[in-house]
A.B. asks: 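Just dropping this structure here.
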Amino acid sequence: MPEEAPAPNAFDLLAPGVQRRLWDMKWTELRPIQADAIRAVLGSRDDLVLMAETAGGKTEAAFLPLLSQIADEALGSVRVVYVGPLKALINDQFSRIEDLCKHLEVPVHRWHGDVGEAARRTLIQQPGGVLLITPESIESLLVNRTANLSGVFGGLRAVVIDELHAFLDASRGLHLASVLARLSRRVSGDRPRMIGLSATIGDTDAARRYLSPDAPERVRVITDPGETKELQMRLHVYRPAGSPDAEDDARQLSLHTVAADLVEHCHGRSNLVFCNAKGDIELLADEGNTIARASGLVPSFVVHHGSLSREIRDDTESRMKSERPYTAICSSTLEMGIDIGSVHTVGQVGPPWGVASLKQRLGRSGRRDDEPRRLRMYVIEDADPHAEDPVHRLPLRTLQSVAVVELMLRERWLEPPALPEMDLSTLSQQVVALIAERGGVTPAAAYEQLCVRGPFRAVETAVFADLLRSLGAEDVIEQAPRGELILGLEGEHIRTGRGFYAVFDTPVEYRLVHDSRELGTLPSGAVPAEDDHLIFAGRRWKVVSVDADRQTIYVQPARGRKRPLFLGSPGHVHRRIRERMLEVLIDPPPLPYATGPARELIAASTSAAEQSGYSGRRLTPMSDSVTDLVTWTGTREQLTILSMLSAAGLEVTDKEVSIRCRASVENVRSVLETITDYPPPIETIARAAIQRATLHKYDYLLSEELRGRAIAANDLTLDSALELLRHIS
DNA sequence: GACCTGCTGCGGATTG
């Protein structure tokens, strides 16, 4: 029997200049994922997914072999494109990769909105090496630098997508796939190799299909098993003891208690505390620092979220990197990417939205080899055992927190990512962009580029033709006499508008200014009045004046305090989480990480739910004319069922884990029987869903029929909704 | 009551 050749030593495969750099940096060994990636890149043409914890060496795993491969390539074209979702991440990675290139003749470029004209000129005039860029900046190159594309990208060998999971379930992922497909037309020679980097992906097949839709089975997934780290965790539950009338006061009181506990738990160390709402971030930081001062401690809470100015976020980031102990109270801005040093404990205030998000956040602690991961969850439970409405008696926040933790720890399950395959808003933007790139394009060529070679494969030719008609009706495009599509008046307007390059929508915002220094922004729908107080950027302010023309709010320091208002819209919860919440409710598992009060609360809820008819999926009468359809299912199923019932003529209200119907039990039961026997056409359900579904950036250009098609494909899930209804007793 | 992300090009005048 022939002996299998031993795997080559990965280090020996690297280019001499790369080896020398590793000697300089005193690396004694390569991590397994790096050795595997080096062998895969230098020994095959396969596309790759590299999965490892944040700071697990993924960047080096991809770039050590890629740099080795291009070390001897002449200038004349960029060889490797690195796509990052954040400018801050690109800046971080730029210095890391430049550092790896110290002994190589490989230039490293970056291009995003904050990169200066000189650096841009260098890339255009002397392209070569590595380019770090955002999806939106690729779009701007395609549209504005068309004449340079072949020169800059003609010899491209590989595309690296960092934080791949961030692109796998949103419009931005489709946008990125589309600009890469448009770019690959400009590459001569072989299709560039695709490499995705990510910490955690619930479904690696989705990642494979994304990187290589034509041959997903040939994408190799390399996972760093990592050592299974010890997790120390605690679930704290807070119960407002206020009167039902004073709900806000009660919540405020609970936040005070959470803040007091945070001071105790966080004092003297560096920590990250994630909140679900930006208003809570500001309030908790203010409260925590006030309590710390009163106890003679150094106030060390700082804030970080997306409405703060870059300057204030930079300040928080550099404090976190410093030797002094700070605790950042933050939103998902600190969930991914930029390195903020070692963190002792991760806090989570309120139930996590999902397992993937909690896992990502948890990865921020226990970075050092000898350190365990530490997680503290703080849940303000506003369920009231005496409430008239049975839904308000259920401890939904506590149940959701427990369900997410149980799914993560015991089932090792994550939400699978799902791209909105019928994203007609993003497709509309791509039609405009493609016309802008080529000057004009025939409908057939547009379909070929966007829906055959590009990511909109679920869009059939008839739907695409409808879309073009819809865009024509809105003056976005028009057809030249020879059949070519060109931009119409509205299309030119969209294309030259400032917001054109991104496919996600941004609400109108007012700037908050003190002493000509910008602190951040507030939504135009929640602008405070003159003399109002607010907490912002961790400090207290009073509004001096509001300039509506300049959309600016001028403030000065003050003593009064008020939670700022940010207008968000509810997110999605996966069906498995709500199902698990029901299981925890009817048969609580041992919860060693929960404090005594948390366990007692759940135990007490079991019998209460039984009595109120919420301990299973069933029809529960509230009165002769009101019936609750208890669903315990995900937001997508919930939307589908709501729309079906409403299309059948019932008056319905979303109650999160149930649907309240203004009708008798018999009436609702007969509607359910009809629906399950003769399900209404999806178009009918989609029409009923239009009012409740999220509106995307370019949806306003679509006919109602197209909008319905998009909702049917992206927002509804008929099969699992019907399956659930068939089991309603 | 619910998070985040991004972003012209060009020509002409002026200055060192």
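Letters go in sequence order (proteins before strands), and every chain restarts at 1.
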A.B. asks: Taking side chain as C-beta onward, heavy atoms only, is A:L396 less than 4.5 Å from A:E656?
C.D. replies: yes
A.B. asks: With respect to the side chain of A:H305, which nucleotide from B:dG6, B:dC7, B:dC4 is positioned closest?
C.D. replies: B:dC4
A.B. asks: From CD of A:Q348 over to P of B:dA2, roughly how many Å is that when rounded to an integer?
C.D. replies: 15 Å
A.B. asks: Closest to the A:L86 side chain: B:dT5, B:dA2, B:dT8?
C.D. replies: B:dT5
A.B. asks: State which of B:dT5, B:dG6, B:dG9 makes the closest approach to the side chain of A:N144.
C.D. replies: B:dG9
A.B. asks: Is the closest side-chain donor-acceptor distance between A:E139 and A:Q430 under 3.5 Å?
C.D. replies: yes
A.B. asks: Give the rounded distance in Å between these two atoms: CG of A:L565 and P of B:dC3.
C.D. replies: 10 Å
A.B. asks: Which part of the nucleic acid, if any, lies within contact of A:G499, taking any heavy atom under 4.0 Å across all strands shown: a base, the sugar-phosphate backbone alone, or nothing?
C.D. replies: base
A.B. asks: Between B:dT5 and A:F504, is there a base-stacking contact, meaning the centre of the base's six-membered ring lies under 5.5 Å from the residue's ring centre while the planes stay under 30° apart?
C.D. replies: yes
A.B. asks: Of the candidate nucleotides B:dG9, B:dG1, B:dG6, which contains the atom at the shortest distance from the side chain of A:E656?
C.D. replies: B:dG1
A.B. asks: Taking CD from A:Q360 and P from B:dC4, how many angstroms apart are they, rounded to a whole number?
C.D. replies: 15 Å
A.B. asks: Does a side-chain N or O of A:S331 approach OP1 or OP2 of B:dC4 to a distance below 4.0 Å, or not?
C.D. replies: yes
A.B. asks: Mind checking A:F566 for me? I need base, sugar-phosphate or nothing, with any heavy atom below 4.0 Å counting as a touch.
C.D. replies: sugar-phosphate
A.B. asks: Go through B:dA2, B:dC7, B:dC4 for me and flag the one nearest to the A:W353 side chain.
C.D. replies: B:dA2
A.B. asks: Is it true that, when you exclude A:R310 itself, more than 12 heavy atoms of the residues, nucleotides or ligands shown sit nearer than 6.0 Å to its CZ?
C.D. replies: yes
A.B. asks: Given B:dG1, is OP1 or OP2 found less than 4.0 Å from the side-chain N or O atoms of A:R397?
C.D. replies: no
A.B. asks: Compare the minimum distances between each of B:dT8, B:dT5, B:dA2 and the side chain of A:A277, then state the nucleotide with the smallest one.
C.D. replies: B:dA2
A.B. asks: Are A:H574 and A:W353 an aromatic pair by the rule of ring centers under 6.0 Å?
C.D. replies: no
A.B. asks: Without decimals, in angstroms, what is the distance between A:E136 CD and B:dT8 P?
C.D. replies: 10 Å
A.B. asks: For A:R310, which contact category applies under a 4.0 Å heavy-atom criterion: base, sugar-phosphate, or nothing?
C.D. replies: nothing
A.B. asks: Would you check if A:K655 and A:D628 make a side-chain contact, meaning some heavy-atom pair closer than 4.5 Å?
C.D. replies: no
A.B. asks: Measure CG/A:N148 against P/B:dT8 and give the value in whole Å, please.
C.D. replies: 15 Å
A.B. asks: With a 4.5 Å cut-off on side-chain heavy atoms, are A:P135 and A:R172 touching?
C.D. replies: yes
A.B. asks: Mapping A:I281 and A:T496 onto DNA chain B by nearest heavy atom, which one lands closer to the 5' end?
C.D. replies: A:I281
A.B. asks: Please report, rounded to the nearest Å, how far the P atom of B:dT8 is from the CZ atom of A:R145.
C.D. replies: 9 Å
A.B. asks: Is A:S140 close enough to B:dT8 that one of its side-chain N or O atoms is under 4.0 Å from OP1 or OP2 there?
C.D. replies: yes
A.B. asks: If you check the A:K278 side chain, which of B:dG6, B:dC7, B:dC4 turns out closest?
C.D. replies: B:dC4
A.B. asks: Can you find a side chain N or O atom of A:T506 that sits less than 4.0 Å from OP1 or OP2 on B:dT5?
C.D. replies: no
A.B. asks: Just to be sure I understand the rule, does A:S357 reach a base, reach only the sugar-phosphate, or reach nothing, if contact means heavy atoms closer than 4.0 Å?
C.D. replies: nothing
A.B. asks: Can you check the A:D654 CG to B:dG1 P distance for me, whole Å?
C.D. replies: 15 Å
A.B. asks: Which of these nucleotides, B:dG6, B:dG1, B:dT8, is closest to any side-chain atom of A:R172?
C.D. replies: B:dG6
A.B. asks: Aromatic contact between A:H305 and A:F566, with the criterion being ring centroids under 6.0 Å apart: yes or no?
C.D. replies: yes
A.B. asks: Just how far, in rounded Å, is C1' of B:dT5 from CD1 of A:I138?
C.D. replies: 14 Å
A.B. asks: Does A:R361 reach a base, just sugar-phosphate, or nothing at all? Heavy atoms under 4.0 Å.
C.D. replies: nothing
